[in-house]
Amino acid sequence: MSAQTVVKFGGSNLKNSSDFVGLARIVKAYNRPLVIVVSATFGLTNKIEGIIGSAINDHTLIAGFIDNLKTEQVNLVNQNIPDKALRNECLHILRQRTEGLKAILQRIALIGEVSPSLHDLALSYGERLSSVLLSHILTAHGVACQEILPENLGLITDGHFGDATVNFARSAPKVKAQLNEDKTYVVPGFYGISADGEVTLLGRGGSDFSAAAIAHCIDARYLDIWKDVNGFLSADPRFVPNARHIAKLSYNEAAELAYFGARILHPGTISPLKAKKIPLRIFNIENHDNILFPATTINGSAELHPGVIKSIAFSDDFGILRLKGAGVGARSGILAEVTNRLDHEKINIKSVITSQISINILLSVSDLEKALKSITDNPLATVHEIETVTNISVVAVVGEGLMEQTGIMYKVLEAAASQNINIRTIVMGASEVSAYLIVDQSDRNLTINIIHQNLFETDKQLNTQQYEITTAF
Ligand code: ASP
Ligand code: MG
């Protein structure tokens, strides 16, 4: 087993200039070699996305954007690196990289459209700037470390722009060979390199996944992810004010929660860790004085809670492609043809629910139109009607033991029924630790709160009035 722990700092840990010193303090407290994965500073990825969009129409905006970025960097460096030589070295590299980003933005403006490859390359600069900053600031605070980029590390992806996954078989030997167990490294997260050497992003929030992938490749002792919240809770506290803290989750529970919309982790984070039994510890930066106490620890042990359900997650990013026709559920080949076409369009299927007269395919909302077109362009004889369903939410309940214990779903459904919530679909059995409901988006807040109350707050009476107006998320 490797001596190394992989530590990931996200954009939420990099909101202010003084945050870098806080990270240096945490890194020192570990008192051992680390592989540190870092995201872009808070909001920078969105800003780069924004300038890409506007530069196409007005290339003159690029100069102002780059100037602002440079000013921010100079301030950050001046505030965090006292040593002049180190400061100048850091500024020099930052300037080179920022000029690199500028050249890409200019190319995009010149062509007048954003190719997936230039898009991914431009967005990767948020992380590339962070890793220069953090590695120099750590050095300035007495932590000897080296920046290493995913292209030099050998983090190879499947080449899928925008939302790639890591090719573990190809990456592991390279990554292992690059990282010396006795040294501390700083790696920019969020991207890897395709087999042809192109930058491919690992999806939004992808630095969690970068860190998990590297941990997998080097058989790390732990993956520690630092957040600005107290780990996993029984529901999203922005929507459920009485959400409770969860100290331990199994890999399967955390994976299902992330899949069903718990925004705390990139959904791909768990599986590379589970495969190598690497514990994931989530720390709250607000409690950084004590690195011995993670907010939530996720590992292979499946603990049962007395109430079974540990947490409720929801996602609005589900839409249904519904194919109707007498007997679609009984004919062979229809689903194969449909999934083939979706695969051809690189559309990910989130779930499939079939009946005798209809096939319901759950997709990301942004894929619905393309999916519909892929079927209507070349109609299937057996399908007489196709519709898409939007403005729905998936609400999932997650807990080890869900399939073994009776009465759990009764409580969930009883809660929904008590508020006359119309449940469009119920799915259970697809995984041993989760079940989900589909409701109208306008009922989502009430649904999660009433279920939360019925499962976790039997002592409280919910004031349902406050959920009558729902906010789209
Ligand atoms: N900076 C990227 C994003 O905002 C990746 C990350 O934060 O993990 O999506
Ligand atoms: Mg992030």
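Residue numbers start at 1 and run along the sequence shown. From a predicted model like this one, the values you see are computed outputs, not experimental measurements.
In this structure Tyr125 satisfies the ring pair (Phe, Tyr, Trp, His ring centres under 6.0 Å) test with no other residue, sequence neighbours excluded. Residues passing the side-chain contact (heavy atoms from CB on, under 4.5 Å) test with Thr200, sequence neighbours excluded: Asp120, Thr157, Phe161, Ala164, Ser194. Here Asp440 pairs with Arg424 under the salt bridge (charged side-chain N to carboxylate O under 4.0 Å, His left out) rule; sequence neighbours left out. Remark: Tyr185 engages no residue in a ring pair (Phe, Tyr, Trp, His ring centres under 6.0 Å) (not counting sequence neighbours). Applying the ring pair (Phe, Tyr, Trp, His ring centres under 6.0 Å) criterion to Phe20, with sequence neighbours excluded, gives no partner residue. Not counting sequence neighbours, Glu400 has no partner by the salt bridge (charged side-chain N to carboxylate O under 4.0 Å, His left out) test.
Of the charged side-chain nitrogens involved, none lies within less than 4.0 Å of a carboxylate oxygen, so that Lys8 and Asp224 do not count as a salt-bridged pair. We find that Glu151 and Arg128 are joined by a salt bridge, their nearest charged nitrogen and carboxylate oxygen being less than 4.0 Å apart.
The backbone N or O of Ala295 lies less than 3.5 Å from a partner atom in the side chain of His245, making a donor-acceptor pair. The main-chain N or O of Ile450 is never found under 3.5 Å from a side-chain atom of Asn454 such that the two would form a donor-acceptor pair. Side-chain atoms of Asn46 do not come within 3.5 Å of backbone N or O of Gly43 as any donor-acceptor pair. Side-chain atoms of Asp236 come within 3.5 Å of backbone atoms of Arg238 as a donor-acceptor pair (strictly under, hydrogens ignored). Counting only distance, with no hydrogens or angles, the side chain of Ser250 and the backbone of Glu253 share a donor-acceptor pair below 3.5 Å.
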Please report, to 0.1 Å, the donor-acceptor pairs under 3.5 Å made by any side chain of residues 301-309, with sequence neighbours excluded.
unit_1 : atom_1 : unit_2 : atom_2 : d
Ser301 : OG     : Asn299 : OD1    : 3.0
Glu303 : OE2    : Lys248 : NZ     : 3.4

Using distance only, find each side-chain donor-acceptor pair of residues 264-273 under 3.5 Å and give its atom names and separation, not counting sequence neighbours.
unit_1 : atom_1 : unit_2 : atom_2 : d
His266 : ND1    : Gly268 : N      : 2.9
His266 : NE2    : Leu202 : O      : 3.0
Thr269 : OG1    : His266 : O      : 2.6

Under 3.5 Å, sequence neighbours excluded: what are the donor-acceptor pairs made by side chains of residues 340-353?
unit_1 : atom_1 : unit_2 : atom_2 : d
Arg341 : NE     : Glu337 : OE2    : 2.7
Arg341 : NH1    : Ser374 : O      : 3.1
Arg341 : NH1    : Ile375 : O      : 3.4
Arg341 : NH1    : Asn378 : O      : 2.7
Arg341 : NH2    : Glu337 : OE2    : 3.2
Arg341 : NH2    : Asn378 : O      : 3.0
Lys350 : NZ     : Asp317 : O      : 2.8
Ser351 : OG     : Tyr436 : OH     : 2.8

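Gly10 approaches Ser39 most closely through the heavy-atom pair CA-OG, 3.4 Å. Nearest heavy atoms, Pro33 versus Gln4: O-CG, 3.9 Å. Counting all heavy atoms, side chain and backbone alike, Gly192 lies closest to Pro150 at CA-CB, 4.3 Å. Glu127 and Ala40 get closest at one heavy-atom pair: OE2-N, 2.9 Å.
Screening residues 406-417 for salt bridge (charged side-chain N to carboxylate O under 4.0 Å, His left out) gives no qualifying pairs among residues at least two apart or on separate chains. Applying the salt bridge (charged side-chain N to carboxylate O under 4.0 Å, His left out) test to every pair with at least one member in residues 372-399, sequence neighbours left out, gives these pairs: Arg322-Glu387, Lys324-Glu385, Lys324-Glu387, Lys373-Asp377. Among pairs with a residue in residues 167-178, those fulfilling salt bridge (charged side-chain N to carboxylate O under 4.0 Å, His left out) read Lys176-Asp219, at least two apart in sequence or across chains.
A distance below 6.0 Å separates the ring centres of Phe239 and Phe314.
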#### Entry: Verdict with supporting geometry, His119 and Ile52, side-chain contact (heavy atoms from CB on, under 4.5 Å)
CA-CA 8 Å; His119 172 266; Ile52 290 175; 4.2 Å; yes
### Task
Report the C-alpha distance between Asn252 and Ser431 in whole Å, list the side-chain angles of each, state the deciding distance to 0.1 Å, and finish with yes or no for side-chain contact (heavy atoms from CB on, under 4.5 Å).
CA-CA 9 Å; Asn252 289 344; Ser431 131; over 6 Å; no
### Query
For Glu256 and Ser434, what are the C-alpha separation, side-chain angles and deciding distance, and is it a side chain to side chain donor-acceptor pair (under 3.5 Å)?
CA-CA 7 Å; Glu256 291 288 54; Ser434 71; 2.8 Å; yes
### Query
Yes or no on salt bridge (Lys or Arg N to Asp or Glu O under 4.0 Å) for Arg32 and Asp182, after CA distance, side-chain angles and deciding distance?
CA-CA 8 Å; Arg32 60 187 317 138; Asp182 306 325; over 6 Å; no
### Query
Hey, mind stepping through Asp208 and Ile225 against side-chain contact (heavy atoms from CB on, under 4.5 Å) and telling me if it holds?
CA-CA 7 Å; Asp208 290 343; Ile225 295 187; 3.9 Å; yes
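In this structure, Lys28 and Val143 have side chains that are in contact, with non-hydrogen atoms separated by less than 4.5 Å.
Under the 3.5 Å distance criterion, with hydrogens and angles disregarded, a donor-acceptor pair is assigned to the side chains of Ser393 and Asp316. In the model, His452 has a side-chain atom that pairs as donor or acceptor with a side-chain atom of Ser234 under 3.5 Å.
Residue Lys274 qualifies as open at atom NZ: its count of foreign heavy atoms under 6.0 Å is 12 or below.
One distance of note links CD1 of Ile148 with CD1 of Ile214; it measures 9.0 Å at 0.5 Å rounding. Between the CD1 atom in Ile218 and the OG atom in Ser171 there is a gap of 13.0 Å [rounded to 0.5 Å].
Geometric assessment of Lys15 against the ring of Phe42 yields a positive cation-pi assignment under the 6.0 Å and 45° thresholds.
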